[in-house]
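Here is the structure we will look at, set down as structure tokens.
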Amino acid sequence: MSSARRPATTAAGEWVNRLRDSRDKRLPRIAGPCGVVVFGVTGDLSCKKLMPAIYDLANRGLLPPGFALVGFARRDWADEDFAELVHDAVREHARTPFREEVWTRLCEGIRFVAGSFDDDAAFDNLASVITDLDKERGTSGNHAFYLSIPPAMFPVVLKQLARTGLAAQAGDQWRRVVIEKPFGHDLRSARELNGIVNDVFPEESVFRIDHYLGKETVQNILALRFANQLYEPIWNSNYVDHVQITMAEDIGLAGRAGYYEGIGAARDVIQNHLLQLLALTAMEEPLSFSPESLRGEKIKVLSATKPAEPLDETTARGQYTAGWQGGTQVVGVLEEAGFQSDSTTETFAAITLQVDTRRWAGVPFFLRTGKRLGRRVTEIAVIFKRAPHLPFETTMTEELGQNALVIRVQPDEGVTIRFGSKVPGTAMEVRDVTMDFRYGTAFTESSPEAYERLLLDVLLGEPSLFPVNAEVELSWGILDPVLEHWARHGGPDPYPAGTWGPASADAMIARTGRVWRRP
Ligand code: BG6
């Protein structure tokens with residue numbers, strides 16, 4: 001190359017670099033060459049969430065051209081049989097429209113390996129299927145192993161992945177493992193589980209799915225708090241009276257009695273989803289949105305969080321009995337198929353937490369969740385203190401409550417602010433009104449499913465939305481004293497299906513002079 005041309009090449013190189021740097025961050029990134037191996041393909045989660053999410057990503061053009069999907073299960077199946085299962089799951093549950101050409105391309109990369117988890121030959125076969133895919137499809141040695149299986153099976157599968165060398169990454173190839181909750185049963189078992197996983201995959205290759213972190217509105221907590229000047233000055237104990245985090249479901253066990261029995265509401269969702277919501281609501285501003293900064297702040301705030309005492313006054317648990325739900329008569333949990341008729345597993349849990357930091361000293365965080373409650377709603381309500389002085393006649397403010405900022409996680413995603421306003425007329429009467437932001441009307445774009453976003457992040461190696469082992473262990477550390485207390489003291493209190501939980505939960509919050517919101 002002549003020296004006269006060198007500057008042009010350099011300039012072109014610079015231009016390409018500049019273009020890369022200036023890549024519009026609003027555009028979704030496309031995963032590089034890779035494949036996903038799913039264990040537990042025939043399960044509910046795989047059919048309802050994972051397979052549809054993979055198709056939706058393919059449909060949005062976010063998967064690489066040679067993408068491969070390998071199913072592993074104890075079925076006497078050929079690739080085509082597995083492809084049929086994926087096809088049916090996609091047709092039934094995908095978010096985006098079915099397009100034949102997208103499906104055909106995806107289908108070319110679908111493989112199936114038959115075998116049980118203790119079958120060495122099956123895993124040797126998996127290893128050779130993966131080597132072939134690297135050659136045929138160009139997956140470049142980059143593979144994610146999705147363990148959509150009960151945690152009791154993790155050790156045997158992980159051992160196989162280690163034995164066959166599938167967990168080892170060479171050069172710039174990557175190998176990642178994706179695990180689903182429950183991440184243990186208590187702090188001790190969570191540590192044990194983390195140890196087992198980390199023996200085979202380094203922590204930076206472990207992606208723990210908490211699907212709440214993939215929800216649009218959950219990420220909006222960070223935007224709301226840290227992109228605005230309006231809220232930060234009042235986001236502390238000088239102005240906030242208390243915080244209520246509610247995850248209410250109207251469904252019962254929905255065929256998952258086997259999983260739920262012995263686990264219960266607190267382990268099922270407080271340990272993970274609700275404590276993550278608390279962490280995002282209460283944490284300090286991260287230095288940046290790098291995974292390290294974000295997790296660092298979550299870890300700090302979780303370290304400062306503990307149950308308020310005494311536990312028999314600050315917690316409540318319940319079990320739904322027969323009742324009415326949306327005009328239908330439903331049975332109590334003890335009559336549900338697959339649930340023990342003398343079970344003490346709770347279907348409702350409420351706990352009071354304190355966050356021992358300067359920002360939150362003295363501000364209770366009330367968390368509650370339950371099955372078969374009045375309606376399906378997840379929200380974070382920040383309730384503010386009353387104005388220190390009201391220059392109105394008391395009769396004129398009888399219908400004035402406390403200001404509130406409510407982040408509606410689902411359904412009807414958005415944010416509501418409640419404040420007092422003058423009632424039209426000649427008298428100076430003040431009453432609560434609400435100001436509403438709704439995702440559905442404010443934006444034309446529709447949100448991707450949580451699993452879609454999280455799966456893409458796994459393939460991109462973007463770890464921000466996945467809790468690390470420290471967060472999991474701290475969350476168990478917060479919950480363990482409550483679980484131990486409950487195990488020692490009686491059983492759950494009954495509540496009729498379709499109501500808002502047992503009377504003991506109302507009494508719990510009433511002791512502090514407050515009431516639950518009725519969303
Ligand atoms: C899961 C719980 O993590 O979340 C289920 O195991 C619960 O019991 C589910 O029903 C709720 O998820 P979502 O996204 O419908 O709020």
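In listed order, ligands and their atoms are each counted from 1.
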Show the distances, to 0.1 Å, for all pairs joining an N/O atom of ligand 1 and a protein N/O atom that are shorter than 3.5 Å, listing one pair per line.
from	atom 1	to	atom 2	distance (Å)
ligand 1	3 (O)	Lys181	NZ	3.1
ligand 1	3 (O)	His273	NE2	2.7
ligand 1	6 (O)	Lys181	NZ	2.9
ligand 1	6 (O)	Arg256	NH2	3.0
ligand 1	6 (O)	Asp268	OD1	2.6
ligand 1	6 (O)	Asp268	OD2	3.3
ligand 1	8 (O)	Arg256	NH1	2.9
ligand 1	8 (O)	Asp268	OD2	2.6
ligand 1	8 (O)	Lys371	NZ	2.7
ligand 1	10 (O)	Glu249	OE1	3.3
ligand 1	10 (O)	Glu249	OE2	2.5
ligand 1	10 (O)	Lys371	NZ	3.2
ligand 1	12 (O)	His211	NE2	3.2
ligand 1	14 (O)	His211	NE2	2.8
ligand 1	14 (O)	Lys215	NZ	2.7
ligand 1	16 (O)	Tyr212	OH	2.5
ligand 1	16 (O)	Gln410	NE2	2.6

Pairwise side chain to side chain donor-acceptor pair (under 3.5 Å) hits with a residue in residues 83-93, at least two apart: none
Salt bridge (charged side-chain N to carboxylate O under 4.0 Å, His left out): pairs with one or both residues in residues 438-456, sequence neighbours excluded: Lys49-Glu449, Arg60-Glu452, Arg95-Glu452, Glu216-Arg453, Asp412-Arg438, Asp436-Arg438
Residues in salt bridge (Lys or Arg N to Asp or Glu O under 4.0 Å) contact with Lys181, at least two apart in sequence or another chain: Asp268
Between Glu336 and Tyr260, a side-chain donor and acceptor under 3.5 Å: no
Donor-acceptor contact present, side-chain Ser189 to main-chain Gly184, <3.5 Å: no
Ser205 side chain to Trp174 side chain, donor-acceptor N/O pair below 3.5 angstrom: no
